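Since the structure is predicted, the reported quantities are computational estimates derived from the model, not experimental observations.
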Amino acid sequence: QVQLVESGGGLVQAGGSVRLACAASVGTLSEYVVGWFRQAPGKDRVFVAATTRSGLVTKYSDSMKGRFTISRDNAKNTAYLQMNSLEPEDTAVYFCAADGVRRQVPRTAPTDFGSWGQGTQVTVSS
């Protein structure tokens with residue numbers, strides 16, 4: 001089972017950018033579909049973006065498409081989420097997750113992902 005560690009969160013002003021990283025501390029990340037989710041206080045965990053094992057196919061939440069970019073570097077055992085034009089509404093804990101099923105298109109439900117990192121806080125100030 002892969003173990004994931006997120007990093008890169010913090011405080012950023014509205015309009016700014018942040019890049020989150022998701023490293024596999026145990027296991028080989030290239031064997032997994034990787035997804036990013038976020039959870040704001042008092043709200044459900046929601047899908048942000050996901051990418052297949054090769055990184056060739058990506059999927060985004062409609063509300064974040066165009067501002068966020070998911071990528072991966074399998075040689076570094078790491079995936080990334082580049083977030084631009086951040087808004088206060090993007091404030092949340094961001095989680096990366098891994099899905100061990102080989103898929104041509106990533107799925108978007110949290111229940112499809114079996115391994116999760118501990119999350120990293122992103123706070124966007126207005």
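- Two residues are said to be in side-chain contact when any heavy atoms from C-beta on lie closer than 4.5 Å; Phe95 and Val48 fail this criterion.
- Between Thr91 and Gln121 the shortest side-chain heavy-atom distance falls below 4.5 Å.
- Every side chain to side chain donor-acceptor pair (under 3.5 Å) that Arg38 has, sequence neighbours left out, goes to Asp90, Tyr94.
- In the hydrophobic clustering of this structure, Val12 groups with Met64; members are Ile, Leu, Val, Met, Phe, Trp, Tyr whose side-chain heavy atoms approach within less than 4.5 Å, directly or through other members.
- A donor-acceptor pair is defined here as one N or O able to donate and one able to accept, closer than 3.5 Å; no such pair exists between the side chain of Tyr32 and the backbone of Phe113.
- The two residues Met83 and Leu86 come nearest to each other via the heavy atoms CB-CD2, 3.8 Å.
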Enumerate donor-acceptor pairs with a distance under 3.5 Å from any side-chain N or O in residues 13-31 to protein atoms, sequence neighbours excluded.
| unit_1 | atom_1 | unit_2 | atom_2 | d |
| --- | --- | --- | --- | --- |
| Ser17 | OG | Asn84 | OD1 | 2.9 |
| Ser25 | OG | Gln3 | O | 3.4 |

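- Annotation: side chain of Gln104 is not in contact with side chain of Thr52 (no heavy-atom distance under 4.5 Å).
- Panel note: side chain Thr51, backbone Val34; no donor-acceptor pair is recorded below 3.5 Å.
- Summarising the geometry, atom CD1 belonging to Ile70 is positioned 12.5 Å from atom CD belonging to Gln82; distances are rounded to the nearest 0.5 Å.
- Counting non-hydrogen atoms of neighbouring residues, nucleotides and ligands closer than 6.0 angstrom, the CZ atom of Arg67 exceeds 12 such neighbours.
- Residues satisfying the side-chain contact (heavy atoms from CB on, under 4.5 Å) test with Ala109, not counting sequence neighbours, are Thr111, Asp112.
- A donor-acceptor contact shorter than 3.5 Å is absent between the side chain of Arg72 and the backbone of Gly55.
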Worked verdict on Phe37 versus Val93 for side chain to side chain contact (heavy atoms under 4.5 Å, CB included): CA-CA 8 Å; Phe37 295 78; Val93 178; over 6 Å; no
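- Formation of a donor-acceptor pair under 3.5 Å by the Glu6 side chain with backbone atoms of Thr120 is not found in this model.
- In terms of modelled atom types and a separation under 3.5 Å, the side chain of Asp99 and the main chain of Thr108 share no donor-acceptor contact.
- Criterion: ILVMFWY side-chain heavy atoms under 4.5 Å apart, direct or through other members. Under it, Phe68 and Phe47 are not part of a common hydrophobic cluster.
- By the criterion of side-chain heavy atoms lying less than 4.5 angstrom apart, applied directly or through intervening Ile, Leu, Val, Met, Phe, Trp or Tyr residues, Val46 is not grouped with Leu81; the two fall into different hydrophobic clusters.
- Annotation: side chain of Asp73 is in contact with side chain of Tyr80 (closest heavy-atom distance under 4.5 Å).
- Considering only heavy atoms from C-beta on, Trp116 comes within 4.5 Å of Arg45 through its side chain.
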